[in-house]
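Worksheet: one structure, shown below.
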Amino acid sequence: MRASQYLISTQKEPPAEAEVISHQLMLRAGMIRKLASGLYSWLPLGLRVFRNVERIVREEMDASGALELSMPVVQPAELWEESQRWGQFGQELLRIRDRHEREFCLGPTHEEVITDIVRNDIRSYRQLPINFYQIQTKFRDERRPRFGVMRTREFCMKDAYSFHLDETSLQTTYERMYRTYSNIFTRCGLDYRAVIADTGSIGGSHSHEFHVLAESGEDAIVFSDQSDYAANIEKAEALAPEKSSHPDCEAMSEVPTPGVKTIDHVCKTFDIGPEQCIKTLIVSATNGNGDAQLYALIVRGDHQLNEVKAQHALQLDSEISMASEEQIHRAFNCTPGSLGPVGLAMPLVVDHSAASLNAFVCGANRDDYHLRSVNWQRDCPTYIQADIRNVVAGDPSPDGCGQLTIKRGIEVGHIFQLGTKYSEIMKARVLDENGVEQVMHMGCYGIGVSRVVAAAIEQNNDDKGIIWPEALAPFQIALIPVNLHKSVNVKQTAETIYAQLTSAGYDVLFMDESKARLGSMLADVELIGIPHRLVIGERGLNDGNIEYRHRRASENQSIPLDQLIAHLQRQVNA
RNA sequence: CGGGGCGUAGCGCAGCCUGGUAGCGCACCACACUGGGGGUGUGGUGGUCGCAGGUUCAAAUCCUGCCGUCCCGACCA
C-alpha cells in the first residue's frame with residue numbers, strides 16, 4: 001500500500017477523553033473514531049487489524065469443525081419471551097419497535113435464534129454433534145461504556161453454539177473449543193490465561209474465561225502459586241477456616257462511639273485490627289413478585305463482599321445491589337455505618353471467616369453505638385453460613401495446593417456448558433437411536449473480536465506507540481525512503497524493493513509521499529506499530545545497503561541489497 | 001442510577017470571574033529556505049463559542065432549562 005493513496009491519520013496529542021493506553025493509541029494512530037458513547041467507527045488502518053483477528057478466529061473455528069452461519073441482529077421479542085429472558089436480561093437489552101408496533105431487540109447474544117434454527121432443522125441424533133458460529137455485531141446497552149473499544153455498546157463478537165445428544169458429547173466439544181481458543185490467542189501473540197468462571201446471565205454449569213493479562217483489566221483473576229488452579233475472583237472459592245468453636249466470652253456490651261461509621265474508625269476506637277470486627281451489608285434484590293427485598297450480609301472487616309457468591313447463597317435469580325442509605329434508614333432507623341447482625345429481623349448470611357470470629361465488634365443498629373464482645377452462639381444464633389467474600393492474596397488455593405495470588409485480566413473469550421437451559425424451555429429435541437425424544441445439550445463459546453484488538457495493544461506498547469504482534473499488524477513492513485524527491489537512486493531502489501516485497505506476498509506500507517520528512521515518517525510508523533521497517537537512503541545505498549530495524553529493537557542493521565529478501569524472510573517468520 | 005467535571009477550528013487548550021473586534025499550539029493550504037528523528041520563515045483556510053430561552057444597548061462571558069460527553073461512585077457500612 002502506498003501511503004500517498006491511503007489514510008494515515010495520526011495525532012500527536014491524545015484526545016482528553018481517552019483514559020487507558022490502548023484507547024489513546026488507537027485514536028492517535030488513526031485506527032478508530034468515536035461516533036457516540038460506546039459506538040466507534042473503524043478507519044481503514046484499524047480495520048486491517050480487526051480483519052486479522054477475524055481471520056485467525058475464522059481459520060481456527062473452521063479447523064475445529066464448526067460451521068459458519070449468519071443470524072440477524074434484530075430479533076423478535078417473542079423468542080426472548082419464550083426463553084424468559086425478555087424480562088430477565090434487564091436494561092442491557094436494547095428494545096425497539098417496528099412500524100407495526102411489534103417489539104424487537106438488538107441481539108446481545110444469539111442463543112434464542114440458534115436454538116430456534118436447530119429445533120426446526122435438526123431432528124435426528126445422527127446430525128449431532130454440531131457446532132455453529134458467526135462473527136457478527138452485537139449490541140448491549142452498557143450502563144457505562146468505556147476504555148474505547150474495550151467496553152462498547154456495539155461490538156463484534158464471534159459466537160458459537162454447539163448441540164449434543166448427551167453431556168459426554170458436550171464435554172468433548174467443550175474441550176475442543178478450549179483448545180481452539182488457546183490456539184487463537186496464541187496465534188494472536190497474546191499473553192493469556194484460561195480461568196474458571198461464573199456463568200452469569202448466560203447460564204449453565206461449567207465455564208472458562210480467557211483473559212489477557214493487563215494492569216488495566218476490569219477483572220481480577222486468581223492463581224495458585226503451586227498448581228494450575230486459576231479462576232475469576234467472582235468464582236474463586238474461599239475455603240472455610242478450620243472449625244472454630246465459640247467459647248463463651250465476657251458479656252456483650254454496648255459502647256458509645258459518637259461519629260464512628262467506618263471500619264477504619266472502629267478499629268482505631270477499639271484498638272483492634274479489621275479482622276476482629278465485621279461489616280454488615282444490606283443488599284436489595286427483586287423477589288418473585290417484583291418487590292424489592294432486603295437481605296443482610298456479614299463479612300469480616302478486612303474482606304470484601306462477592307456479589308456473585310452472595311446471589312448464589314441467597315438462591316436468587318436476579319442481581320443484587322447495595323441498598324441505598326435511604327432504604328437503610330427507613331428499615332433500621334440508623335445509618336449504614338452503624339449496622340450489626342444482633343437482633344436484625346431479616347435473612348442473614350454470614351461469611352465463613354466472619355462466622356469463625358469470637359468476641360468481635362459490630363454496629364449496634366443505633367447511631368453512635370457499637371457492640372463489643374459479641375458471641376455468635378450466645379448473641380446471634382440464627383444465620384446461614386456461606387462463602388460470600390472475595391478471596392485475598394495469600395488465601396489457600398481451593399484445590400488444596402499452595403496459596404493464591406491475584407492479577408488483573410481483560411476477558412477476551414468465554415466458553416460455557418449450557419446443558420439444557422435453552423433447549424428444554426424452547427423444546428429443542430431430537431430422536432435418539434431408540435426413537436425416543438431427547439432434549440439436546442448445548443454449549444456456547446464467545447470471543448470479543450474488537451476487544452482482542454484493544455487487549456493486544458494494552459499488552460504491547462511503548463512510549464512511541466503500538467508494537468503489534470506479527471499476526472495482527474496492519475502492515476508487516478514499512479518502507480521509508482529518505483529524500484525521495486531528491487535522489488533518483490533512492491526513488492528507483494525504493495520502487496524496486498516495494499514491487500519485490502509486494503510480489504513476495506508481504507503487506508508493505510510504502511511511505512511514498514515525496515516531501516514527507518524522515519522524522520515524521522518514522523514517528524508515524526512507530527506510533528502505528530508496524531513490526532518491521534526499512535529505511536532507504538543515499539547514505540546506505542552508497543555502500544549497497546539498506547537499513548532494517550524491528551519495532552522492538554533500538555539499533556538499525558545494515559543489510560546488503562541482494563540479501564534483503566532472505567533477511568526479511570527470517571525476521572518476519574521469526 | 002447517584003455525584004462531579006467538561007462542551008470555544010480536525011486534536012490539545014486559553015478567554016468567562018470583571019459582558020463590548022473570538023485567540024494560542026499542533027494539524028491543514030501556498031511559497032521560500034531546509035533535508036537521516038515530528039525543521040524554519042512568510043502568508044493563508046477553517047468557528048452560528050453544544051442547543052433553546054431569558055437578562056442587557058450589547059452575551060462565548062450573567063441566569064434558567066435541555067442535550068452531549070468524560071470521570072468517580074454504586075464494597076461506606
Side-chain angles (χ1 to χ4, degrees), chain A residues 7-20 23-24 27-28 30 33-39 90-91 143-148 220 233 257 260-266 274 277-284 296-310 319-329 331-332 334-341 344 351 361-365 367 370 388-390 464-465 480-487 490 514-527 533 535-542 546-547 549 554 556:
Chain A
L7 179 66
I8 305 286
S9 197
T10 54
Q11 293 167 198
K12 248 186 225 179
E13 292 181 272
E17 69 195 39
E19 194 72 1
V20 297
H23 189 195
Q24 289 177 4
L27 289 168
R28 285 186 54 207
R33 291 291 178 251
K34 187 177 71 177
L35 178 64
S37 177
L39 302 174
Q91 291 195 308
R143 69 178 152 180
R144 195 174 154 199
R146 55 179 163 175
F147 302 154
I233 199 162
T257 51
V260 173
K261 293 189 189 305
T262 65
I263 288 294
D264 223 24
H265 206 163
V266 167
C277 53
I278 61 168
K279 49 187 177 186
T280 306
L281 309 166
I282 305 299
V283 297
S284 132
L297 307 173
I298 312 281
V299 295
R300 223 167 65 182
D302 58 331
H303 287 151
Q304 287 197 321
L305 178 69
N306 179 314
E307 293 190 18
V308 172
K309 290 180 181 176
E319 285 192 10
I320 60 174
S321 62
M322 299 300 290
S324 68
E325 195 149 330
E326 193 188 329
Q327 278 177 302
I328 288 171
H329 213 271
F332 308 102
C334 70
T335 57
S338 304
L339 291 169
L344 274 191
D351 184 68
V361 172
C362 66
N365 297 320
D367 279 345
H370 278 76
I388 57 168
R389 71 170 171 99
N390 279 338
K464 293 185 176 122
I480 302 177
V482 183
N483 291 333
L484 191 63
H485 63 301
K486 279 192 156 181
S487 164
V490 166
S514 65
K515 292 202 174 163
R517 303 189 66 95
L518 178 67
S520 63
M521 288 191 284
L522 293 174
D524 276 351
V525 160
E526 284 164 342
L527 174 60
R533 89 174 188 211
V535 173
I536 302 174
E538 288 281 3
R539 196 186 280 175
L541 287 183
N542 289 338
I546 70 172
E547 290 144 48
R549 183 142 144 192
S554 55
N556 288 339

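Just the heavy atoms: all of them, side chains too, but no hydrogens, waters or symmetry mates, feed the values below. First the proteins, then the strands, lettered A, B, ... as listed; each starts at 1.
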With a 3.5 Å cut-off and heavy atoms only, can you find an N or O donor on one side and an acceptor on the other between the side chain of [X] and the base of [N]?
| X | N | value |
| --- | --- | --- |
| R517(A) | G35(B) | no |
| N483(A) | G36(B) | no |
| Q11(A) | G12(B) | no |
| R28(A) | G12(B) | no |

Of the options [options], whose atoms approach the side-chain atoms of [X] most closely?
| X | options | answer |
| --- | --- | --- |
| T10(A) | G38(B), G37(B), U69(B) | G38(B) |
| E19(A) | C71(B), G12(B), G36(B) | C71(B) |
| K464(A) | G73(B), C70(B), G37(B) | G37(B) |
| S37(A) | G38(B), C70(B), G35(B) | C70(B) |
| A16(A) | G12(B), G39(B), G37(B) | G12(B) |
| R539(A) | G36(B), C11(B), C72(B) | G36(B) |
| E526(A) | G37(B), G35(B), G36(B) | G37(B) |
| R144(A) | C71(B), G37(B), U69(B) | C71(B) |
| T262(A) | G37(B), G12(B), C76(B) | C76(B) |
| D524(A) | G38(B), U69(B), C76(B) | G38(B) |

Checklist entry - Under a 4.5 Å cut-off applied to non-hydrogen side-chain atoms, are R33(A) and L27(A) in contact? => result yes
Checklist entry - N365(A) versus L344(A): any side-chain heavy-atom pair under 4.5 Å? => result yes
Tell me what [X] touches on the nucleic acid: a base, only sugar-phosphate, or nothing, going by heavy atoms under 4.0 Å.
| X | result |
| --- | --- |
| K486(A) | base |
| G540(A) | base |
| G537(A) | base |
| R549(A) | base |
| I328(A) | base |

Checklist entry - Do E526(A) and R533(A) meet the salt-bridge criterion of a basic N to acidic O distance under 4.0 Å? => result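 Yes, charged N to carboxylate O under 4.0 Å.
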Checklist entry - Going through the distances and angles, do L281(A) and V299(A) end up as a side-chain contact (heavy atoms from CB on, under 4.5 Å)? => result CA-CA 8 Å; L281(A) 309 166; V299(A) 295; 4.3 Å; yes
Checklist entry - Between A18(A) and I536(A), which is nearer to the 5' end of RNA chain B once each is assigned its nearest nucleotide? => result I536(A)
Item to check | side-chain contact (heavy atoms from CB on, under 4.5 Å) evaluation trace for T335(A) with I328(A) | outcome: CA-CA 7 Å; T335(A) 57; I328(A) 288 171; over 6 Å; no
